[in-house]
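Here the structure is laid out as structure tokens; the discussion comes afterwards.
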Amino acid sequence: MRNFYDFTKIEKKWQKYWEEKELFKTRKKNEKENYYVLEMFPYPSGKLHMGHVRVYSIGDVIARFKRMKGFNVLHPMGWDAFGLPAENAAIKHGNIHPREWTWENIKSMKEQMKALGLSYDWKKEVATADPDYYRWTQWFFIQMYRNNLAYKKEQAVNWCPSCETVLANEQVINNRCERCDSIVEQKELEQWFLKITDYAEELLEGHAELDWPQRVKTMQKNWIGKSEGLSIRFPIGEIEEELEVFTTRPDTIYGATYMVLAPEHPYVDQLISGQPNEDEIRNFIKKVKSQAEMERTSPQSSKDGIFTGSFAINPMTQQEIPIYIANYVLMGYGTGAIMAVPAHDQRDFDFAKKYDLPIKAVIQPHDLEEKLNGATMKKARSDDGYLINSQRFNGLTVQKAFETIADYMEKENIGERKINYRLRDWLISRQRYWGAPIPMIHCEKCGTVPVPEKDLPVLLPDDVKLSTTGVSTLAESKEFVNTTCPKCGGPARREIDTMDTFVDSSWYFLRYIDPNNQKLPVSYQKAKEWFPVNQYIGGIEHAILHLLYARFFTKVIRDLGLIEANEPFSKWLAQGMVLKDGDKMSKSKGNVVDPGKILKEYGADTARLFILFASPPEKDLEWSDAGVEGASRFLNRVWRYIVNNLDEINKIDVSQVDIKQDDLNDAEKELHRKLHETIEKVTEDVEERLNFNTAISAIMELVNEIYHYLKNNSDNINKELLAFVTEKLLLLLAPFAPHISEELWHKLGHDESVHRVKWPQFNKEAAKKDEITVVIQINGKVRDKINVSADITEEKLKEKVFIQKKVKKYIEGKEIIKTIVIPKKLVNIVVK
RNA sequence: GCCGAAGUGGCGGAAUUGGCAGACGCGCCGGAUUCAAAAUCCGGUGGGGUUAGACUCGUAUGGGUUCGAGUCCCAUCUUCGGCACCA
């Protein structure tokens with residue numbers, strides 16, 4: 001299509017102007033309210049994709065809108081700059097350092113962002129790979145270490161053979177690496193962990209104060225996985241120990257007919273030593289341990305086990321029950337041991353059937369007539385009911401029995417109430433180079449010692465050869481590894497692992513507030529002024545990972561006394577993906593649309609407008625070339641209208657225009673009314689609903705209305721009104737299509753930027769309709785419509801309705817049962 | 001298996017608190033303009049029915065509540081997402 005305006009020239013011109021005038025610099029004026037809007041920062045891959053265009057366009061509309069609304073706006077951008085791709089690129093190309101690669105990419109992505117006309121305050125820019133930044137990442141690690149929130153532990157960890165590093169639980173999806181999709185292996189390694197479990201409860205409770213999508217809170221809630229139950233001790237005669245189990249169903253304890261240990265359970269060795277079939281048992285354990293996690297933890301896979309030869313005593317019945325080892329019990333949850341109640345748990349039931357263990361029914365379902373019999377059951381029953389075969393507790397409902405038995409056990413010292421979480425501590429060690437070094441030193445004499453704060457940052461060394469050997473690259477640098485112990489001054493070795501990049505991104509939103517602070521990560525006072533983030537925007541894929549870690553860090557930083565806020569992001573908009581042909585855009589599918597190409601062919605304003613108009617922000621968006629044409633057509637339509645009528649309207653000083661409703665004729669009133677209706681709609685859609693698609697459609701309606709007015713009143717144009725409406729139109733359009741709005745604004749004779757002008761005020765009186773259409777229904781079906789004065793009384797309205805010809809036709813000879821009047825909307829007559 | 005979200009014209013989507021279903025855009029059809037086309041401007045556009053109207057059906061399916069349901073309730077189907085031996 002032909003363009004009527006030269007977007008390339010215009011967009012460049014205003015981008016330059018905005019930069020020179022520092023239009024988007026964060027200003028702190030005390031009489032104005034602060035507003036912090038933030039989009040998730042990108043990994044600097046070098047090229048923006050459509051998903052980026054979408055999230056940054058959304059954030060930019062909000063930032064520009066809030067500025068016009070009179071807020072001091074903080075709208076920063078930065079780079080999640082550590083990570084594997086840089087390292088892999090370096091290995092692949094041989095001679096380029098990850099640092100160079102990363103900074104090159106940052107440069108080109110920044111250019112693309114500027115070409116999109118995004119209104120960032122670039123003075124606040126941060127990059128996590130900048131020593132000035134990771135110095136504080138390391139500082140936080142040390143603070144956590146000092147507060148017992150960081151610890152080193154050897155345990156089986158998730159190992160990605162392709163990325164050659166360990167992964168956090170959150171980074172394992174369906175037993176595959178979330179980055180590269182390789183099957184994750186288990187490895188016994190000594191690694192650093194952050195104690196996120198200390199905050200499990202607060203992370204759950206904190207949801208109450210967050211304006212986040214419910215489904216995201218639910219995802220986090222499931223991930224944290226709180227369950228309330230009892231910790232119960234079962235004596236074991238043979239080894240004079242007690243076996244502790246966790247259960248959420250203490251009410252079923254009389255149905256516990258056997259125990260199961262995870263193969264890794266610490267008692268296993270003691271229990272099986274000297275058993276006649278010890279070798280057989282050891283072989284079984286070996287086999288289970290070698291089973292892939294996936295195979296072992298899938299509910300479909302078979303439940304295999306073996307008898308240990310030992311018995312435990314059910315503390316309620318005093319009966320001996322056998323102890324088994326089985327693959328379906330995991331060391332990682334609870335105590336790694338369970339009491340098995342086959343009658344009421346399907347897993348235990350399957351196992352009992354397989355190994356011919358007794359099944360004892362202890363909960364009688366409410367809706368079952370015959371008595372439940374363990375011997376004849378076909379599957380476990382976990383429905384609600386009352387207790388049977390449970391001695392003195394018989395007849396109690398499940399809920400009542402839980403409390404009664406828990407009280408009893410606590411009194412008798414058999415067990416106590418306990419809360420268990422599914423959430424694990426966060427494993428942050430990575431055996432890779434391009435990350436923040438863990439600032440710890442190992443000394444033979446003094447043990448593990450943190451690097452003194454004055455020595456931070458621990459810089460990444462340059463004298464290494466990057467490779468994928470599975471051994472931390474940093475080990476290669478003698479200069480790096482060999483150091484002296486800060487405590488005793490003796491020879492010592494540095495930690496050679498780097499931190500998970502999710503650590504870097506768990507606090508970046510604080511550094512934007514105070515990026516040049518050399519004394520602290522962020523000043524208390526500035527954090528108080530700007531934090532928490534008012535509006536955060538990003539992809540739903542971070543619902544658990546980044547958003548949970550960031551919340552955890554915020555709470556830790558608060559407890560360190562650095563900030564006051566409990567939560568980092570008051571409000572979060574989870575934006576949907578950009579699809580093409582119903583699929584996520586990806587190189588392998590060959591359905592990628594390059595933003596660069598769209599920018600070149602249509603310009604930034606069109607790209608932004610299309611992507612905001614095509615779908616509400618939280619939903620997935622189907623890319624459409626025809627839709628882009630439509631957006632471009634609309635902007636040209638605005639341009640054409642204003643340029644063609646410039647002579648009429650640019651001589652008018654709108655600030656001196658006072659539109660008086662009473663002086664307008666009907667057509668003018670209608671146009672003026674439409675303007676105010678549009679202001680109201682756009683304001684509400686942007687401010688509260690974040691529905692930019694409907695805001696844009698409202699602006700389109702206003703433009704249609706202007707064309708309509710011009711056509712029907714060509715001989716009698718009210719220039720003052722037209723100029724007034726046109727200026728407001730440009731203000732409404734400015735956050736969405738900032739360049740064309742700026743150009744046209746200046747064409748109208750203004751010297752100041754359109755983005756500095758106050759957002760238009762909506763006038764309720766002007767938006768009011770004199771005449772309204774009321775729908776007439778007979779028995780709920782629309783039969784007629786009438787136009788009446790807007791302030792008509794209910795009585796008068798009814799009167800008018802009943803004399804309508806159509807109404808008469810429908811009610812003739814019928815009995816009127818009632819008449820429902822909804823003021824200003826409809827009248828429904830019910831007849832029989 | 002469990003939990004959650006969604007399902008509306010040919011397409012993207014709108015309907016915000018239970019009150020005119022389909023705003024706005026795309027596509028398509030017709031008209032104006034043009035030597036012609038593109039672009040632009042104007043009009044039409046859920047299905048059936050009809051010269052036209054009247055009328056009628058219609059928001060995944062089946063039921064329900066209500067004067068009135070895309071919206072609330074119950075059941076079912078489909079799609080997507082999360083969790084998945086969590087004791």
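What's counted below: heavy atoms across the whole structure, side chains too, no hydrogens, waters or symmetry copies. Keep in mind it's a predicted model, so treat the numbers as computed, not measured.
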Provide the distance between the two [atom1] atoms, one in [N] and one in [M], to the nearest whole Å.
N	M	atom1	result
B:G62	B:A54	P	27 Å
B:U61	B:C57	P	15 Å
B:C20	B:A15	P	13 Å
B:C24	B:G31	C1'	23 Å
B:U71	B:G7	C1'	14 Å
B:G47	B:G22	C1'	13 Å
B:G4	B:C72	P	15 Å
B:U8	B:A60	C1'	10 Å

Whether [X] contacts [N] is assessed here as follows: a side-chain N or O lying under 4.0 Å from the phosphate OP1 or OP2. Is that the case?
X	N	result
A:Y810	B:A54	no
A:R637	B:G25	no
A:N693	B:G12	no
A:N704	B:G25	yes
A:K781	B:C57	yes
A:R783	B:U56	yes
A:S227	B:A87	yes
A:R215	B:C83	no

Hey, is the side chain of [X] pairing donor to acceptor with the base of [N] inside 3.5 Å?
X	N	value
A:K785	B:C20	yes
A:N222	B:C83	no
A:K711	B:C41	no

*Which dot-bracket string describes RNA chain B (Watson-Crick N1-N3 plus N6-O4 or O6-N4, or G-U N1-O2 and O6-N3, all under 3.5 Å; [ ] crossing; | other strand)?*
(((((((..(((......[....)))((((((.......))))))(((......)))..(((((..]....))))))))))))....
Charged N to carboxylate O under 4.0 angstrom, [X] versus [Y]?
X	Y	value
A:K674	A:E701	yes
A:K354	A:D304	yes
A:D685	A:K681	yes

Quick one about [Y] and [X] (side-chain donor to acceptor, distance below 3.5 Å, no hydrogens or angles considered), yes or no?
X	Y	answer
A:S227	A:N420	no
A:T726	A:Y641	yes
A:E244	A:S231	yes
A:H207	A:R551	yes

*Taking atom P of B:A87 as reference, at what distance in whole Å does atom CD of A:E244 sit?*
16 Å
*Take the protein atom CG of A:N644 and the nucleotide atom C1' of B:U40, then report the distance between them rounded to whole Å.*
10 Å
Describe the nucleic acid contact of [X] in one word from base, sugar-phosphate, nothing, applying a heavy-atom distance below 4.0 Å.
X	value
A:G630	sugar-phosphate
A:N420	nothing
A:S624	nothing
A:E701	sugar-phosphate
A:Q346	nothing
A:V830	sugar-phosphate
A:Y707	sugar-phosphate
A:K221	nothing

*Report the C-alpha separation of A:I786 and A:V801 in whole Å, then their side-chain angles, then the decisive distance to 0.1 Å, and conclude whether the side-chain contact (heavy atoms from CB on, under 4.5 Å) test is met.*
CA-CA 8 Å; A:I786 51 168; A:V801 165; 3.9 Å; yes
*asked:* Need the glycosidic conformation of B:G62: syn if within 90° of 0, anti if not. Which one?
replied: anti
_Could you tell me if A:R640 sits above the aromatic ring of A:F4, with its cationic atom closer than 6.0 Å to the ring centre and no more than 45 degrees from the axis?_
yes
*Are A:R608 and A:F736 in a cation-pi setup, meaning NZ or CZ lies under 6.0 angstrom from the ring centre and within 45 degrees of the ring axis?*
no
_Nearest heavy atom decides the nucleotide; on that basis, is A:A698 or A:A614 closer to the 5' end of RNA chain B?_
A:A614
*Nearest nucleotide by nearest heavy atom, which residue falls closer to the 5' end of RNA chain B, A:V782 or A:G334?*
A:V782
